[in-house]
A.B. asks: 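Below is a structure I'd like to ask you about.
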Amino acid sequence: MSKMMKAIRMYAPRDLRLEQVPVPEIKENEALVKVMAVGICGSDIPRINQYGAYISPITPGHEFSGEIVETGAAVKNFKVGDRVTVAPLLPCFKCEFCEQGHYSLCRDYKYFGSRNDGAFAQYVAVPEPNLLKVADNVTFEAAATTDPLANALHAIKRGGFKPGDKVCVFGLGAIGLYCVQYMKAKGAKIAVAVDVDERKLQVARDCGADVAIDGRAADVVDQVIAATEGGADVCIDASGFPAAQHNAIEATAKHGTMVLLGISHQPLTLSEKCLDWVMRGEKAIVGSWNSFSKPFPGWEWTHGVESLADGTIDAEKVITHKLPLEEVPSIFDKIYKKELYFNKILFLPWME
């Protein structure tokens, strides 16, 4: 195997370079994963195009799958040739939140692609606890979307979803679409999807949404309440936009739960009417952060790979691009300039 590999290195926001770098050397508890597919996460976009990462230079990318090509001496449950996806959080396992099994809240964590070199590369060294086997009937491309699926499952669990619930999702990126697809497949009585892009609304219909609503409509809340016959029992905002968050709170049913999932970077001010509805309706507003629980990496991940294997989730419905690694800089430039429509963009590091 070559000792050098292709990788995308970020030196500063919007400064991405395709370089030849050394293949990682694995520790005894790690496996070397040949990256077969890696996706762009919504969090990658502001990190790469605006804010930068915690260390520089760095190889971004944390949504990925691949094949094990080497294992350390202490690796017990995986072998060369195994097809895997990777949970990207590297928790300390020592703080009070880790001891409680709330790994997403770890006080001293590392993370592939933002605090450690990630998967916009041909190989990554991965600790054994972060590896999950992928069924043979799941493509590497689908497996690379386990991370957004796990985030969706975490939010769904935080919302207390159960079969027969009426549900609504604001914001139809990959995570929002997976929320719609999963809840409808698991028995949602009515599934409503809201977005400002008709193309995304059509994908949501393909994912099982009973009603798709243009989020720019002046009466969007009234439309959701009418479609759900009184409001959504579980309402998830996956957009991160304050206007959508506000509408989602109002569209939640009495005794319902509204889940804040989309990263905002903006303040949210509740109107007098909205706040009154929260109190009088005894609504719950909960946060959902990342996708990890006990036993690490958690139900979200093990159930996620199962849901891809058993057909509950059809990843191809949310994947819009499959591109070579060389196109990473140009794709982020197009995203920055708002020249590209996409849901889930995947890069295939071995594509010629």
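In this text, all values refer to a predicted model and were calculated from it rather than measured experimentally. The figures that follow rest on heavy atoms only: side chains count, while hydrogens, waters and symmetry mates do not.
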A.B. asks: Any ring-ring contact (aromatic ring centres under 6.0 Å, His included) involving residues 173-206? Give me the pairs, sequence neighbours left out, ordered by first then second residue.
C.D. replies: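 Found Tyr182-His303.
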A.B. asks: If we check side-chain contact (heavy atoms from CB on, under 4.5 Å) with Met10, which of these qualifies: Ile58, Ile55, Asp15?
C.D. replies: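 When Ile58, Ile55, Asp15 are each tested with Met10, the side-chain contact (heavy atoms from CB on, under 4.5 Å) holds only for Ile58.
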A.B. asks: What are the two closest heavy atoms between Ala87 and Phe292, and how far apart are they?
C.D. replies: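 Where Ala87 meets Phe292 most closely, the heavy atoms are CB-CE2, 3.7 Å.
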A.B. asks: Cluster partners of Ile263, using ILVMFWY side-chain heavy atoms under 4.5 angstrom, listed by chain and number?
C.D. replies: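 Noted: Ile263 shares its cluster with Trp289.
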A.B. asks: Taking all atoms of both residues into account, what is the closest heavy-atom pair of His246 and Thr269, and its distance?
C.D. replies: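 His246 and Thr269 have their closest heavy atoms at CD2-O, 3.4 Å.
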A.B. asks: Nearest 0.5 Å, please: how far is OG in Ser65 from CG in Asp147?
C.D. replies: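 OG of Ser65 is found 11.5 Å from CG of Asp147.
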A.B. asks: Phe97 ring centre to Arg107 NZ or CZ under 6.0 Å, with the angle to the axis within 45°?
C.D. replies: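 No, a cation-pi geometry is absent between Arg107 and Phe97.
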A.B. asks: Is it the case that over 12 heavy atoms from other parts of the model lie below 6.0 angstrom from the CZ atom of Phe241?
C.D. replies: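 12 or below, so no.
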A.B. asks: Identify the two heavy atoms, one from Gln50 and one from Pro13, that lie closest to each other, and give their separation to 0.1 Å.
C.D. replies: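 Reported closest heavy-atom pair: O-CG, 3.5 Å.
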A.B. asks: If every non-hydrogen atom of Ala315 is compared with every non-hydrogen atom of Leu308, which pair is closest and at what distance?
C.D. replies: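 Looking at all heavy atoms of both residues, the closest pair is CB-CD2, 4.2 Å.
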A.B. asks: With salt bridge (Lys or Arg N to Asp or Glu O under 4.0 Å) as the test, would you mind laying out the steps for Lys189 and Asp233 before giving the verdict?
C.D. replies: CA-CA 10 Å; Lys189 180 180 180 181; Asp233 301 305; over 6 Å; no
A.B. asks: How many angstroms lie between atom CZ of Phe140 and atom CZ of Phe64, to the nearest 0.5 angstrom?
C.D. replies: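 Reported value, rounded in 0.5 Å steps: 12.5 Å.
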A.B. asks: Where do Ser288 and Val259 come nearest, in terms of heavy atoms and distance?
C.D. replies: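 Heavy atoms of Ser288 and Val259 come nearest at CB-CG1, 3.7 Å.
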A.B. asks: Is the closest basic N to carboxylate O distance between Glu316 and Lys322 below 4.0 Å?
C.D. replies: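 Answer for the salt bridge query: yes.
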A.B. asks: Are Phe93 and Tyr103 close enough that their ring centers fall under 6.0 Å?
C.D. replies: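 Under 6.0 Å, so yes.
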A.B. asks: Does atom OH (Tyr336) have a neighbourhood of more than 12 heavy atoms from anything else shown, all under 6.0 Å?
C.D. replies: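 No, OH of Tyr336 has 12 or fewer neighbouring heavy atoms, counting only those of other groups under 6.0 Å.
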A.B. asks: In this structure, are over 12 heavy atoms from other groups packed under 6.0 Å from Glu25 atom CD?
C.D. replies: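 No, because the 6.0 Å sphere around CD of Glu25 holds 12 heavy atoms or fewer from other groups.
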A.B. asks: Is it true that atom OH of Tyr11 has more than 12 heavy atoms of other residues, nucleotides or ligands lying nearer than 6.0 Å?
C.D. replies: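 Count over threshold, so yes.
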A.B. asks: Taking Lys283 for its side chain and Ile249 for its backbone only, find out whether a donor-acceptor pair lies under 3.5 Å.
C.D. replies: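 Judged by distance alone, yes, a pair lies under 3.5 Å.
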A.B. asks: For Phe120 and Phe347, I'd like to know if the aromatic rings sit close, meaning centre-to-centre distance below 6.0 Å.
C.D. replies: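 Judged by ring-centre distance (under 6.0 Å), Phe120 and Phe347 do meet the cut-off.
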A.B. asks: We want to know whether Thr145 and Glu63 form a side-chain donor-acceptor pair, criterion being a heavy-atom distance below 3.5 angstrom.
C.D. replies: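 Result is no, nothing qualifies.
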A.B. asks: Do Met5 and Leu16 share a hydrophobic cluster, counting only Ile, Leu, Val, Met, Phe, Trp and Tyr and linking them when any side-chain heavy atoms are less than 4.5 Å apart?
C.D. replies: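 As far as the 4.5 Å side-chain criterion goes, Leu16 and Met5 are not connected within one cluster.
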A.B. asks: Ignoring hydrogens and angles, state whether a donor on the side chain of Tyr111 or Asn290 is under 3.5 Å from an acceptor on the partner side chain.
C.D. replies: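 Short answer, yes.
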A.B. asks: Indicate if Val234 and Val180 have the same hydrophobic cluster label, given that clusters are the connected sets of ILVMFWY residues with side-chain heavy-atom separations under 4.5 angstrom.
C.D. replies: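 Yes, Val234 connects to Val180 through the hydrophobic network.
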A.B. asks: How many angstroms lie between atom CG of Leu149 and atom CG of Leu153, to the nearest 0.5 angstrom?
C.D. replies: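 Between Leu149 CG and Leu153 CG, I get 4.5 Å after rounding to 0.5 Å.
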A.B. asks: Members other than Ile225 in its cluster, when Ile, Leu, Val, Met, Phe, Trp, Tyr link by side-chain heavy atoms under 4.5 Å?
C.D. replies: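 So far as hydrophobic clustering goes, Ile225 is joined with Phe170, Ile190, Val192, Val194, Val211, Ile213, Val220, Val221, Val224, Trp277.
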A.B. asks: Could you give the distance from NZ (Lys133) to CG (Asp82), rounded to the nearest 0.5 Å?
C.D. replies: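 One finds 5.0 Å between NZ of Lys133 and CG of Asp82.
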A.B. asks: Could you tell me whether Arg14 sits above the aromatic face of Phe332, with NZ or CZ closer than 6.0 angstrom to the six-membered ring centre and within 45 degrees of the axis?
C.D. replies: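 Relative to the ring axis of Phe332, which defines the angle, Arg14 lies outside at least one limit.
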A.B. asks: Between Tyr51 and His265, does the ring centroid distance fall short of 6.0 Å?
C.D. replies: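 Yes.
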A.B. asks: Side chains of Ser114 and His62: is there a donor and an acceptor less than 3.5 Å apart?
C.D. replies: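 Short answer, no.
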A.B. asks: Any chance you could measure Thr71, atom OG1, to Glu28, atom CD, to the nearest 0.5 Å?
C.D. replies: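 Answer rounded to 0.5 Å: 11.5 Å.
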A.B. asks: Do Leu32 and Ile68 have side-chain heavy atoms sitting under 4.5 Å apart?
C.D. replies: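 Not in contact.
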A.B. asks: With no hydrogens and no angle check, just 3.5 Å: does a side-chain donor-acceptor pair link Trp301 and Thr146?
C.D. replies: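 No, no side-chain donor-acceptor contact under 3.5 Å.
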A.B. asks: Here's a test for you: under side-chain contact (heavy atoms from CB on, under 4.5 Å), which of Thr312, Asp165, Ile156 qualifies with Lys186?
C.D. replies: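 Option passing the side-chain contact (heavy atoms from CB on, under 4.5 Å) with Lys186: Thr312.
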A.B. asks: Quick check: do Glu326 and Lys6 have side-chain heavy atoms less than 4.5 Å from each other?
C.D. replies: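 The answer is yes, as the side chains (C-beta and beyond) meet within the 4.5 Å cut-off.
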A.B. asks: Within this structure, what is the CG-CD distance for the pair Asp276 and Glu250, rounded to the nearest 0.5 Å?
C.D. replies: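 Taking CG in Asp276 and CD in Glu250, the distance rounds to 10.5 Å.
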A.B. asks: State, with a plain yes or no, whether a side-chain heavy atom of Asn343 is found less than 4.5 Å away from one of Leu177.
C.D. replies: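 Side chain of Asn343 against side chain of Leu177, heavy atoms only: contact under 4.5 Å found.
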A.B. asks: Is it true that Arg205 and Glu198 make a salt bridge, defined as a side-chain N closer than 4.0 Å to a carboxylate O?
C.D. replies: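 Result for this pair is yes, salt bridge flagged.
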